[in-house]
**Student:** 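One structure is given below, represented as structure tokens, and several questions about it will come after.
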2 protein chains.
Amino acid sequence: MPSARTSTSATPGRREQNKAATRAAIAGAARRLLQDEGADALTAEKVADAAGVSRRTLFNYFPSVEAVLNAPLTAFLDRAAAGLEELPADLPPTIAAVDALAALAGESEGLATVADVFVLAQGNPQLARLQLEAWDQCAAQIHEAMSARVPAEAGFELAVYVHAVVGAGRAAFQSWAERHPDDHRSAAALADLQRLLMVALEQLRDGFPALRNLTTPHPGTPDRES
Amino acid sequence: MPSARTSTSATPGRREQNKAATRAAIAGAARRLLQDEGADALTAEKVADAAGVSRRTLFNYFPSVEAVLNAPLTAFLDRAAAGLEELPADLPPTIAAVDALAALAGESEGLATVADVFVLAQGNPQLARLQLEAWDQCAAQIHEAMSARVPAEAGFELAVYVHAVVGAGRAAFQSWAERHPDDHRSAAALADLQRLLMVALEQLRDGFPALRNLTTPHPGTPDRES
DNA sequence: CATGAAACTTACACTACGTGCAAGTTTGCT
DNA sequence: AGCAAACTTGCACGTAGTGTAAGTTTCATG
């Protein structure tokens with residue numbers, strides 16, 4: 001008779017259970033097919049087929065084939081936004097952002113799959129666009145959550161800041177992908193990504209000291225070790 | 001009979017002339033149809049029909065229907081990137097960005113159509129994604145152009161900075177659209193957009209002073225010492 | 001346990017997108 | 001004039017995504 005869940009974590013109802021399983025099956029099938037046949041051969045029908053569901057059901061779960069692949073990124077960014085919300089409210093946003101990201105980047109196993117999806121998007125314009133949208137929605141979410149913490153006059157400054165933070169995050173991923181064209185799955189590469197994410201936010205917080213102090217960046221390129 | 005152009009700016013060849021005309025016809029038809037029939041009724045066939053070309057030709061000129069509408073934004077961002085390149089090389093990037101944007105925002109008539117396209121994307125996810133891609137490509141272009149000006153060890157800092165700048169630009173557009181839900185075509189609104197763009201970059205340059213100095217952000221919350 | 005409602009899956013049909021291809025047509029050069 | 005390259009067009013094809021109306025499963029009743 002209790003319509004409420006008996007124990008929230010144990011059995012969230014058979015229905016929810018099945019849905020989660022189907023979702024996972026689709027996502028798994030997509031990644032498997034991608035691995036085996038390459039990006040070009042990835043079609044909605046094949047994925048649905050491999051997942052054991054109808055094509056229509058796939059579209060009931062995901063709005064597009066690319067969205068299936070993109071799921072890890074959206075999950076990650078959702079957690080990132082949530083992490084920012086839960087920080088102590090009396091912290092200046094510029095500090096809170098660094099803290100939140102530090103906590104998030106710590107979960108390296110989540111980061112690994114996200115990084116994987118990120119490099120995947122390099123050869124797939126549709127997926128790349130979808131990821132840009134995901135980053136943007138993350139920014140909107142963060143802005144929404146934090147706008148209550150700042151006075152109204154600072155609303156625009158907050159908006160700019162949040163976009164800059166998210167931009168910094170993307171820059172970190174991008175530079176990271178460029179630096180590790182081949183070994184992006186290695187532990188060292190992962191550690192580098194974590195480092196870059198932190199450095200990016202610190203540079204934003206500190207106002208880009210290296211760039212600001214540039215006086216004579218001569219085209220003659222004063223050679224330095226990389 | 002001379003194979004060289006008679007006057008380089010006047011007649012760039014009949015072929016180029018026709019192509020430009022077709023391009024303009026397609027873009028015009030798209031905007032007209034959008035105005036008249038609404039976003040939902042906008043289909044490739046209708047646009048091509050209204051432009052007096054075949055559907056196939058439309059796709060020879062633009063990769064998608066949304067790209068037709070997006071043309072003004074890409075043009076604007078291309079000019080923005082180009083403007084940054086042409087600035088004196090001995091200027092610190094943090095200053096150069098502000099200068100370049102100031103020059104660009106001055107051409108208010110270009111800005112107007114861009115702003116128009118921006119609000120258009122609010123109700124059209126495909127177009128919105130395409131615009132995000134355009135901003136991103138702009139960032140890549142700027143990064144490419146300026147990376148020669150900074151020492152190699154500042155390359156990553158530059159990447160972060162460029163992304164932050166572009167993010168700031170987007171934040172300005174977004175906040176602007178929220179502030180002018182109805183009058184976004186008025187001269188006052190346009191002036192406000194110019195102002196926001198400048199303010200956004202200044203805040204980035206100055207390190208978000210208002211956010212950093214926040215001590216008691218909660219309007220209804222008694223401040224506690226950290 | 002029976003049973004009915006709600007949630008979920010599936011097949012089918014339909015519109016539209018974007019592309020390859022093989023014609024035709026226009027433009028430019030000599 | 002005439003040829004080659006560029007451009008347009010129609011056609012066909014595979015695929016994406018969506019509406020709809022039927023089945024099928026889950027779940028809370030009596």
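Here is the naming used below: chain letters follow the sequence lines, and residue numbers restart at 1 for every chain.
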**Student:** B:Glu16 has an atom CD; how far is it from atom C1' of C:dG28, in whole Å?
**Tutor:**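 It works out to 12 Å between those atoms.
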**Student:** Which ones in residues 120-135 of chain A lie close to DNA chain C, meaning a heavy atom under 4.0 Å from one of its atoms?
**Tutor:** none
**Student:** Check the phosphate of D:dA16 against A:Thr43, side-chain N and O only, distance under 4.0 Å to OP1 or OP2. Yes or no?
**Tutor:** yes
**Student:** Could you list the residues that satisfy salt bridge (Lys or Arg N to Asp or Glu O under 4.0 Å) with B:Arg195, not counting sequence neighbours?
**Tutor:**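 B:Arg195 satisfies salt bridge (Lys or Arg N to Asp or Glu O under 4.0 Å) with B:Asp192 only.
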**Student:** Strictly below 4.0 Å, heavy-atom distances to any atom of DNA chain C: list the hits from residues 30-41 of chain B, or just say none.
**Tutor:**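 Nucleic-acid contacts, sorted: none.
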**Student:** Is B:Arg170 positioned over the aromatic face of B:Phe118, cation under 6.0 angstrom from the ring centre and no more than 45 degrees off axis?
**Tutor:** no
**Student:** About how many Å separate CZ of A:Arg23 and OH of A:Tyr61, when rounded to the nearest 0.5 Å?
**Tutor:** 8.5 Å
**Student:** Is the distance from OP1 or OP2 of C:dC8 to the nearest side-chain N or O of A:Asn18 less than 4.0 Å?
**Tutor:**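 No.
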**Student:** Give every donor-acceptor pair under 3.5 Å between a side-chain atom in residues 42-52 of chain A and any protein atom, sequence neighbours left out.
**Tutor:**
from, atom 1, to, atom 2, distance (Å)
A:Thr43, OG1, A:Glu45, N, 3.4
A:Lys46, NZ, A:Ala41, O, 3.3

**Student:** Parallel, tilted or perpendicular: which fits the ring planes of A:Phe173 and A:Phe76, with parallel below 30° and perpendicular above 60°?
**Tutor:**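 The rings of A:Phe173 and A:Phe76 stand perpendicular, inter-plane angle above 60°.
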**Student:** If you count the non-hydrogen atoms of other residues, nucleotides and ligands that lie under 6.0 Å from CD in A:Glu144, is the total more than 12?
**Tutor:** no
**Student:** Check side chain to side chain donor-acceptor pair (under 3.5 Å) between A:Thr57 and all other residues, then give those that pass, not counting sequence neighbours.
**Tutor:**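 With sequence neighbours excluded, A:Thr57 shows a side chain to side chain donor-acceptor pair (under 3.5 Å) to A:Ser54, given in chain and number order.
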**Student:** Can you measure A:Asn60 atom CG to D:dT20 atom C1' for me and round it to whole angstrom units?
**Tutor:** 12 Å
**Student:** Kindly state which residues belonging to residues 61-69 of chain B come within less than 4.0 angstrom of DNA chain D, counting heavy atoms of the residue only, listed by number.
**Tutor:**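 Those residues whose heavy atoms fall under 4.0 Å from DNA chain D, taken from residues 61-69 of chain B in numerical order, are B:Tyr61.
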**Student:** Could you measure the distance from the CG atom of B:Asn70 to the CZ atom of B:Arg129? Nearest 0.5 Å is fine.
**Tutor:**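 The CG atom of B:Asn70 sits 13.0 Å away from the CZ atom of B:Arg129.
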**Student:** Tell me every residue that passes salt bridge (Lys or Arg N to Asp or Glu O under 4.0 Å) with B:Glu66, counting only those two or more places apart in sequence or in another chain.
**Tutor:**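 Checked B:Glu66 against salt bridge (Lys or Arg N to Asp or Glu O under 4.0 Å); zero matches.
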**Student:** Going by side-chain contact (heavy atoms from CB on, under 4.5 Å), name the residues that satisfy it together with B:Ala100, two or more places apart in sequence or in a different chain.
**Tutor:**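 Partners of B:Ala100 under the side-chain contact (heavy atoms from CB on, under 4.5 Å) test: B:Leu84, B:Leu87.
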**Student:** Does B:Phe59 have any ring-ring contact (aromatic ring centres under 6.0 Å, His included) partners at least two apart in sequence or in another chain, and if so, which?
**Tutor:**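 Result, ring-ring contact (aromatic ring centres under 6.0 Å, His included) vs B:Phe59: none returned.
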**Student:** In residues 25-38 of chain A, what donor-acceptor pairs under 3.5 Å come from side-chain atoms, sequence neighbours left out?
**Tutor:**
from, atom 1, to, atom 2, distance (Å)
A:Arg31, NH2, A:Asp116, OD2, 3.0

**Student:** For residues 71-85 of chain B, which residue pairs qualify under side-chain hydrogen bond (donor to acceptor under 3.5 Å, both in side chains), counting only residues two or more places apart or in two chains?
**Tutor:**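 Sorted result for residues 71-85 of chain B: B:Arg79-B:Glu107.
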**Student:** Any residue in residues 45-59 of chain B with a heavy atom nearer than 4.0 angstrom to DNA chain C? Just list them by number, or reply none.
**Tutor:** B:Arg55, B:Arg56, B:Phe59
